[in-house]
Structures are given as C-alpha cells and as structure tokens.
Amino acid sequence: MIGQDILTDLNPPQREAVTHGEGPMLVLAGAGSGKTRVLTCRVAWLVREMGVRPSEILALTFTNKAAGEMKERVQGLIGQGSALWIGTFHSIFARILRRDAELLGFDRNYTIYDTDDGERVIKNILKELPESFQALKPRQLRHKISRWKNDLRTPEDVRSGGGNPADIRIADIYERYERALRANNAMDFDDLIIRPAELFRKAPEVLERYRRKFRHILIDEFQDTNRAQYNLVRMLTGDPANLCVVGDDDQSIYGWRGAEVRNILDFEEQYPGARVVRLEQNYRSSGNILDVADAVVVRNSGRKPKKLWTEKGHGDKAVVLQCANELDEADQVVTHARRVVDELGLAWREVAVLYRTNAQSRVLEEAFNRNGVRVVIIGGLRFYERKEIKDLMAYLKVIVNPSDSTSLFRIINVPTRGIGPATLSRLNQLAVGRGEPLYHVLGEADQAEGVGHKVAGRVMELHTMFEDLRQASRSASAAAVVQELIRRTRYQESLSELDTIEAQGRLENIQELVNAAEEFSERFSGEEGVSCLEAWLAETSLIAEIDFHRADADCLTLMTLHNAKGLEFPAVFVTGVEENLLPISRAWEEDNDDALEEERRLFYVGVTRAKERVYLSWAATRRRYGDLLDSGPSMFLRDIPAELVENVVSMRSQAGSFDTYARRQAKSFGRGGRGVSPIGPQPPLFGPSRSGSGGRHPAAAAAPTPSGPTFVPDPGVDEPSYRKGERVVHGRFGSGTIQDVISSMGDIRVTVRFDSGFSKKLVPRFARLLRE
DNA sequence: ATGGGCATGCTTTTT
DNA sequence: GCATGCCCAT
Ligand SMILES: Nc1ncnc2c1ncn2[C@@H]1O[C@H](COP(=O)(O)OP(=O)(O)OP(=O)(O)O)[C@@H](O)[C@H]1O
C-alpha cells in the first residue's frame, strides 16, 4: 500500500485526518493524543501522496523548536523538505514582510523590536510629554498598546471607542509610538502579524501571490492564536480553505497575551463544512495522571467536553507533597526526584520540574545544585536579553538598519567613549532639525553646535567604524562582522579591565554569542538579497529560550508551566500548587472567572506532560517580595479524588505546624520563644489557613491573631468588612473611595476609585488596605 | 565618568 | 528579597 510507512503508527481517526483531502479540517483533541504527530504526517502525506510541492505548504507552529522538530521528521518521511515553510507565525511573516516592506513604507532591512526596545521608545516619548503623563509606566503602556494592536484597534479606534479618559490620553502615546517605530524602520512583535494583513489589503496582488503559493496551511496549537493571527490566516485561505488546524481548548494558556480560544471553538461556524476529527486515545500518560488532570479541568465551563482513555492502565498514583515552606519544598522535590530516577531507571533529562512563576526557580535550582544534580533552567533572564548581548546586538542592528536610532542611542557611549548626554542632545537636535535619523549626522558631528573638537572626532570615528562594518557585512559572514565589531569597539577589553566576577560572566556570554554567530554563518546558505548578518539578526530577534532546549546534556529541566507546553517527560513535578500561586492571585487586576479557568488549564497542561509519574507539591508558607505568605493548598487539589492521590507530609511540615502555632501563641501572649508542649495540633490538610503577613507593611502587621488554643484560624477576624463610600489608603495607589463590595468564592473584593483617577478591583486580604 | 547609596518595583506567564 | 535604575558626590 502506498504511503504505508507514513500511516503505520497511526490509529484510525489519526489516519482520517492525515489523509483528508481538500477543505477545512479541525483536529480537536486532548493532551497526548497525537495531534502534533498528525500534523507532521499530514505534511508528508500531502507531498508524497497528493502531489503537493513542499514549497506550497505552510505549517505554523508555536515555537521554533517545534518547527525544527517537525521539519526534521517530515524530512525523514519524504527525504527532502528545505523548501517547506515551517515556522512560527512571527518568523514566517517576518520573512514575508521583508520581501515587500517597501509597499508599507518600511525598508527591507527593518529591525525587529522586542518588548525592551519598545519600552525604550515609550520612555523617549514620555520625555517629550508634559508632567501629567509622567506617572504612566512605560511597561504598562507598552502592554496596553500591544493589546490594542492585537485586537486590531488603531489609535483612532481607541479615541472614538468611548473608552475611559485615561485611554484616550494613552492613544496619543500609541500614535507617537507607531510613528517612532516607522521612523526607526522597526517593527515590534505585534507588527509582524498586523503589518502583513495591512500589506495584503494595500497590495491585493501580493495577497494573491501567497494565496496561490500556499495551497495548504496547517496550524499547530491553534487554541493559542490571537485575533490578528486568525485574521491573517483567514485572508490567506482560499475557497475551499485548505486549512488544517490542530489544538485543544483545554490547553489554551495564553489568553493574557490576547489568544482567543474562540478561534478553535468557533472554527466550524467560521469554516462551514469543516471536517472535525476527534482523537480520544492518549499515548502519553497512564490513567491516573489523566484522571488527575481531568478532575480539575472538568470544572471549567464552555469547554468542549472530551474524555481521554489509555491502554496503559492506571499506573502510579499522583504524589502530593505537603511542605513547610519553599525551601522544604525544594528539598522534597530533590529527594523524590532522586527516588523516581532510581525507581524507574530514568536519566535526569527525563525529569521536569515545573512552576507558575520564574521567581520560584531560584530555590529549586539551589537545592538541586547543593545535591549535585545538574539542571537546565528555561526562561527567566534570557540569553538575548542580557545587557552585554543586547548591546552588541544593538550595534549590529545599527549596521544593518542605520535608521534604528533606539539602538544607536543605546550604545553610542557603550563602552564609554566620551559622548555624554550633552553631546548627544546636541547631535539629536541637529538630526531632528534636519528631519533625519541620528545616524545621518554622526559623520558631520563637527558641524553640530556646541560639540567640542575632540568629542566630534570621536563621534566621527564611530561613524567610520559603522560605515566600514556596513560595507563588510554585505559580503562577510555574521561571525566575521561580530568579531570585527568586538575588536574595534574594544568591548572585551573594557570588560576585562573591570576585573569582576560579573564581568567574567559577561565575557563568557560574549564568547557564546560569537559561537552562535559562527554556528549560524556555517548554516547560512545565502538567501536572495539578504546578507548573512541580516538573516542572523532576524532569527535571533525571534528566538525563544525553549528553542535552545536540547535533549543532549543529561540535565533535569526547570521551567514554567507555559514553557512545558507540547513537551513530555516520564516524571513531572508541578510545584507551588497553592492558593495564590496556582491559581495565581491576581488581586490587583480586574477579576474574572476566565482567569481562574486559564489557571486550571495551566494545571492541566502541567500534569499531562507526565508519562509515568506526577508529583504535586505545595508549601504552607512561602517568601514573596520578602514577605512571608501563608497560602495553603490549591483549590485544585481539593478537586482531585482521594483515590488518585498518595499524600506525603514532609518532616518539617509536621514540625512546622507546631512552629506556626508557637509563633501565633507568642504573638498573642506577647512572649517570645517556643511553646512548651512538644505536640502541636495539626492543621487541616484542606481549608483556609491564612494570617496577616509580617514584614515592612504596617497594615498587614496590624492584623489581629487568633487567641484560642485551637489552630483553625478565624477568617473573619482579619477581614474587616468594607462599605461603599468608605475612604481607604493603599500602599501603592494612594487614597480612594470604595465604590463597590462583592463577595465571590469566599473572598471579599472591593472596587476602589483612587483619587488619582484609576479604579481597581482589590482583595483587601492581599491588597493591604488601610482605613483613612 | 564612575561608583556608591538609595528608591523603586517586581513576580504571572512570552512570541 | 533582589535587581534595576536613578541621583549625587567624586
Ligand atoms: N498512533 C500512535 N501510536 C503510538 N504512539 C503515538 C501515536 N500517536 C502519538 N503517539 C505518541 O504520543 C505522544 C503524544 O503525541 P503528540 O505530542 O503528537 O500529542 P499532542 O496531542 O500534540 O500532545 P499535546 O497536546 O499534549 O502536546 C508522543 O510521544 C507520540 O509519539
């Protein structure tokens, strides 16, 4: 039978999806059911059996790593594949944009700005605005603007949309931001999705070209596409739409960045006549693991019901680790990781430790290091976000795109070369006066008013260097340019002279960057009209930390739950399964049930990464912002049937409850030291266990403590009731008036209108509100 | 121009 | 609690 080898390892519904002919198709299925495998095999099938040329297939994945793996596997099946367009939305459309950027008023060599660059632009804009704008935070502004862009709202839309007055002011900043990016010949991440749609509208012939080119479009992790991405795909698909999307609404975990689950839920309406394939057999996890994950996610409303089954049997129970604090938790995780590696005969690379926030990684990392276990941490401070790396990249961006003044500003005096703020402002004045980018006046620094002879000379020297490197970059490899850049800026020397441990680390990173450039240069086979350096910059701008993740070193992996999506490990630890952490407390934001549901899905994603064993750990107290936070087990743990779980209570946790008890006693009786009784009452495993946190916040420290000998704290005591119209003071937001009081899920939430004009929904228990 | 000292904000997740 | 960023003194 033809195509036999492609279909061999597929079950009947998978085959149905792989061999589906023309027209739209949705593969909607739970975790580990082989969706990604379907997509890969389908690409191979289209080429081998349907006569589709590789260059006519567009496959969109969530990460570059997933794209690489898919490419590799397809190549294995069809023996070719370099012509395939497989990549992330961002990298594919960055490429498409590069070709026709001129039609949008950008140059082909445009720079891609990351969030940090975007914030710099906003900071610059704020400098030119009156005092009343200065309280706005660049970070939040950038986030807000990004959301608007993803929702396809222009500054005009925001202004006329009848939003609150604050937003209308911010629309001005938004408009300036867009102008600034254009002046810098730069695009941010959102532009990479929005601008192609703009291009297609402006130049229908370009759209037509790509429509004809991409006869088949396939999308993985469809539940995490946003509105702009959906729109783009909609434009590109013909009629009938040869569009195959694959996803799981239960794994939608990027709502906070604009992803729309509705894209997948409404697919059948949007593409009438779409074939829907459901996969129900899970090949990854044992039964208990699936049941644990299901028990939590089943509580979500508005999901497409689905039940996975497995041939693997129940397998091991999930192990719930109750710990005293985050240090204890880390020790427990290490101990059990050792044990499971031993019991199941695993390599360290087959174990993953997951957490909700990057901040949790530090304690875990240290515990593993102490115990001689090598770990690799994904995320947190990313390689291409380190200062020394960003500096060098900024030079390269200027070489490729001289209009990029944001990058030029960044490095014009790094390492220091005597071009101080005064010089800079004069140069800038000259440039602005001429309506040119800063770079253009570097060569004539001696013409600028008030710039000394010596300094002007240095500026012109810098200009010469840029020009030389620009010249060289047309033919030389990226590696050669980087090396020459480092030599001429004396970047390494300037670091070595510092002679600190920190500088040592930075030097190593620079070496690492040179290696990366070399590796790329060897791989670079030449693209029409694109230099090696340009191609390398484009790639590095869109790289994610997870893309580096390789299975070669035998290291245990530490990463966030988000980064774990799409991966699988024999043993998985989901840590910090506590109230306020998973689900995370969002006391400072608008509350809605959607957020809680997304937390459930995050838990679901984490648990379903496990093949054989899953551990769920929680700590009774945890240090956060330097405050001690009493949290208690996550509500998710309560949803798991007892028979699926094995409970382990750490030694310190047993002793710790006594400690806590003693501390409370000491507090309420005004005595220090430990209690006398060696046997403290045990706290209930489930149920509230909170108190005011200590630390630098007087409001919290003033919380009353329970006085009786029973341990169960009285939740009413430290939660004074609030009334509408009452005046309160918040540590950060200042004073305001209570607008509304609601109680939901056992929490009291108040809406406060602060005198500064902002309204916030707050949970008084966390928000440290004081009465005025 | 550097470096120490202080203040601030941050911890939700990232292409 | 930590990291960054700003200010001022040198
Ligand atoms: N028909 C099959 N027979 C045996 N194993 C399979 C089959 N289909 C998939 N698998 C295996 O099941 C595991 C999960 O597959 P895959 O990653 O494609 O699932 P997925 O649906 O994309 O998962 P998730 O949504 O959780 O990322 C992989 O190890 C894969 O090799």
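Lettering follows sequence order; numbering is per chain, from 1. This is a predicted model, so every value here is computed, not measured.
- For the pair A:R386 CZ and C:dA3 P, the interatomic distance rounds to 13 Å; values are reported in whole Å.
- For A:R142, no side-chain nitrogen or oxygen approaches OP1 or OP2 of B:dT14 to under 4.0 Å.
- For the C1' atoms, the distance linking C:dG5 with B:dT12 amounts to 23 Å, nearest Å.
- Closest to the A:F189 side chain, of the nucleotides B:dC10, B:dT15, B:dT11, is B:dT15.
- Residue A:D116 forms a salt bridge (Lys or Arg N to Asp or Glu O under 4.0 Å) with just one option from A:K387, A:R142, A:R410, and that option is A:R410.
- Distance CZ (A:R623) to C1' (B:dT11): 16 Å, rounded to an integer number of Å.
- For A:R624, no side-chain nitrogen or oxygen approaches OP1 or OP2 of C:dC2 to under 4.0 Å.
- At whole-Å resolution of the value, CG in A:L581 and C1' in B:dT13 are 12 Å apart.
- In this structure, A:R356 atom CZ and B:dT14 atom P are separated by 9 Å, rounded to whole Å.
- Computed from coordinates, the A:F62 CZ to B:dT14 C1' distance equals 7 Å when rounded to whole Å.
- Side-chain N/O atoms of A:T416 include one lying less than 4.0 angstrom from OP1 or OP2 on B:dT2.
- Taking a cutoff of 4.0 Å between a charged side-chain nitrogen and a carboxylate oxygen, A:R417 and A:E461 do not qualify as a salt bridge.
- A:N509 places no side-chain N or O within 3.5 Å of a backbone atom of A:I389 that could act as its donor or acceptor partner.
- Of the candidates B:dT12, B:dA1, B:dT14, B:dT14 carries the atom nearest the A:T560 side chain, counting heavy atoms from C-beta on.
- Remark: P of B:dT14 and NE2 of A:H90 are 14 Å apart, rounded to the nearest angstrom.
- Ion pairing of A:R601 with A:D249 is absent here, as no side-chain N (NZ or NE/NH1/NH2) approaches a carboxylate O to less than 4.0 Å.
- Looking at A:R303 and A:E597, their side chains never come closer than 4.5 Å, going by heavy atoms from C-beta outward.
- At a threshold of 4.0 angstrom between heavy atoms, the contacts of A:N358 are confined to the sugar-phosphate backbone, with no base atom among them.
- Comparing A:R139 and A:G418 by the nucleotide of DNA chain B whose heavy atom lies nearest to each, the residue mapping closer to the 5' end is A:G418.
- No hydrogens or angles were tested; on distance alone, a donor-acceptor pair under 3.5 Å links the side chain of A:W256 to the base of B:dT13.
- If you measure from atom CZ of A:R362 to atom C1' of C:dG1, you get 9 Å, rounded to the nearest angstrom.
- Distances from the side chain of A:N563 to the nucleotides B:dT15, B:dC10, B:dT12 place B:dT15 closest.
- Atom CG of A:L327 and atom P of C:dG1 are 12 Å apart (whole Å).
- As judged by a 4.0 angstrom heavy-atom cut-off over every strand, A:T115 is placed among the base-contacting residues.
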